[in-house]
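Down below is the structure, laid out as structure tokens.
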Amino acid sequence: MTSRLLNIFKDNSLILKWIMVLLAGFCFLWSFQLFIAGNAYYSVKNDIEGWQLSPEKASIKQVDSGLSKIGSAIDYFPDNALYYQIQGQLFEWKAIVEKRSEESVDAGLDLNTNNANLNNAATSYQKSLLLRPTWSGSWIGLASVKLLQNALDNEFYYYVKNAKQAGPQDAIVHKFIVEFGLEMFSVRSIHYVKIKEQLKQHLNLGLQNPLSRDFVLKAIQKHNASGTVCRWLRDASYPVRKRIPNCITYD
């Protein structure tokens, strides 16, 4: 009887050891996949942030490399909303860079390819929102696709509205509304009337937020709008006004 109990104990101990080995292997594999996906995400994120400040630095080769990296991350973690949002941005950049490249050599723009990239971007953003409906970046992404398609319709403003509701303090919201608003102001578009109050609000918030500040300042300079923005933000705090070129004088 004693011998039988010892054998049962040994068998159970062996099974437990195998379970521990399999569990350790699973944890190692999961950690490895997480490490690879995380590195891919941050690598692509850093590239995109650099392109936002200096769009001319983006290339088709870099964008394709980014799509490959984030594609691998999605293969490992297909339920990560952030990865789809980054993928959408990359498809947008591919549309932008390919259009720029084709225009620079006076070639006929392949509208089918351009539309395919933008449609892929929209699909990625929609997948992201299915997983996380309150992600402001993906709502902004859908609005950005509409902008690149020159489709400034009710759907465009619906996406902007949802982005503001989801992340009223998010840097990506400040960046998009500031860039879009200043562009509409510069070309005297009717859309400036629709966005002007939001533009003033997000200029203020964007200059306060360290994650959007440099982008907002560069947008102001690009559109030669320092004096105008200074007037718009005459009631803003001193630290905000001080950041606007030539807004605060000491004469």
Side-chain angles (χ1 to χ4, degrees), residues 45-46 48-58 85 88-89 92-93 96 100 125 133-251:
K45 180 175 179 289
N46 290 337
I48 290 175
E49 289 176 350
W51 301 339
Q52 287 172 340
L53 291 173
S54 302
E56 71 281 357
K57 293 183 178 179
Q85 194 247 333
Q89 290 186 59
E92 277 194 76
W93 276 104
I96 292 169
R100 182 180 68 201
Y125 292 134
T134 57
W135 203 302
S136 63
S138 294
W139 287 114
I140 285 294
L142 289 174
S144 181
V145 168
K146 297 288 285 187
L147 178 59
L148 290 171
Q149 292 172 330
N150 293 316
L152 301 180
D153 52 16
N154 290 336
E155 194 173 40
F156 168 82
Y157 286 101
Y158 170 77
Y159 293 150
V160 173
K161 177 183 176 182
N162 282 356
K164 283 171 56 66
Q165 290 176 342
Q169 301 295 331
D170 289 354
I172 195 170
V173 177
H174 306 327
K175 290 177 180 181
F176 182 81
I177 292 178
V178 165
E179 176 60 31
F180 172 68
L182 288 178
E183 179 65 26
M184 294 302 100
F185 172 76
S186 297
V187 299
R188 302 298 187 266
S189 168
I190 186 64
H191 290 280
Y192 166 67
V193 177
K194 297 181 179 181
I195 202 74
K196 65 178 181 179
E197 294 306 319
Q198 297 179 54
L199 171 60
K200 295 173 186 178
Q201 177 190 12
H202 287 278
L203 278 164
N204 191 349
L205 294 173
L207 289 170
Q208 292 179 46
N209 190 330
L211 297 179
S212 56
R213 185 177 298 143
D214 289 345
F215 182 92
V216 170
L217 287 172
K218 191 165 185 175
I220 293 171
Q221 293 170 353
K222 182 176 75 172
H223 293 285
N224 195 27
S226 296
T228 302
V229 171
C230 184
R231 291 194 299 274
W232 287 343
L233 300 187
R234 60 181 178 274
D235 295 326
S237 66
Y238 174 79
V240 167
R241 289 172 56 81
K242 184 178 69 172
R243 296 185 184 281
I244 304 168
N246 304 315
C247 190
I248 299 293
T249 60
Y250 300 95
D251 296 337

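In this text, all values refer to a predicted model and were calculated from it rather than measured experimentally.
Summarising the local packing, CG of Asn224 is surrounded by 12 or fewer heavy atoms from other residues, nucleotides or ligands at distances under 6.0 Å. Annotation: Asn154, atom CG; neighbour count of heavy atoms from other residues, nucleotides and ligands within 6.0 Å does not exceed 12.
Within the structure, every pair that satisfies the disulfide (SG to SG under 2.5 Å) test and touches residues 204-234, not counting sequence neighbours, is listed here: Cys230-Cys247.
Taking the six-membered ring for Trp and thresholds of 30 and 60 degrees, Tyr159 and Trp139 have ring planes inclined between 30 and 60 degrees apart. Ring geometry for His202 versus His174: interplanar angle of 30 to 60°, hence tilted.
The two residues Gly88 and Tyr125 make their nearest non-hydrogen contact at C-OH, 3.2 Å. Shown here for Glu92 and Gly141, the closest heavy-atom pair between the two residues is OE2-O, 3.8 Å. In terms of heavy-atom proximity, Leu211 sits nearest to Ala171 at CB-CB, 3.7 Å. The two residues Ile195 and Gly181 have their closest heavy-atom pair at CG2-CA, 3.8 Å. For the pair Met184 and Leu152, the tightest heavy-atom approach, listed with the atom from each and the gap, is SD-CD1, 4.3 Å. The nearest pair of heavy atoms linking Ala236 to Asn204 is CB-ND2, 3.9 Å.
Remark: the backbone N or O of Gly206 is not paired with any side-chain donor or acceptor of Arg213 at under 3.5 angstrom. Although no hydrogens or angles enter the test, the distance criterion places a donor-acceptor pair under 3.5 Å between the side chain of Asn209 and the main chain of Gln169.
Residues passing the ring pair (Phe, Tyr, Trp, His ring centres under 6.0 Å) test with Phe176: none are found, sequence neighbours excluded.
Judged by a 6.0 Å distance limit and a 45° cone about the ring axis, Lys175 is positioned over the six-membered ring of Phe215.
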Worked check of side chain to side chain contact (heavy atoms under 4.5 Å, CB included) between Gln198 and Phe180: CA-CA 11 Å; Gln198 297 179 54; Phe180 172 68; over 6 Å; no

Verdict with supporting geometry, Arg243 and Val216, side chain to side chain contact (heavy atoms under 4.5 Å, CB included): CA-CA 10 Å; Arg243 296 185 184 281; Val216 170; over 6 Å; no

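With respect to the salt-bridge test (charged N to carboxylate O, under 4.0 angstrom), the residues Arg100 and Glu56 do not qualify.
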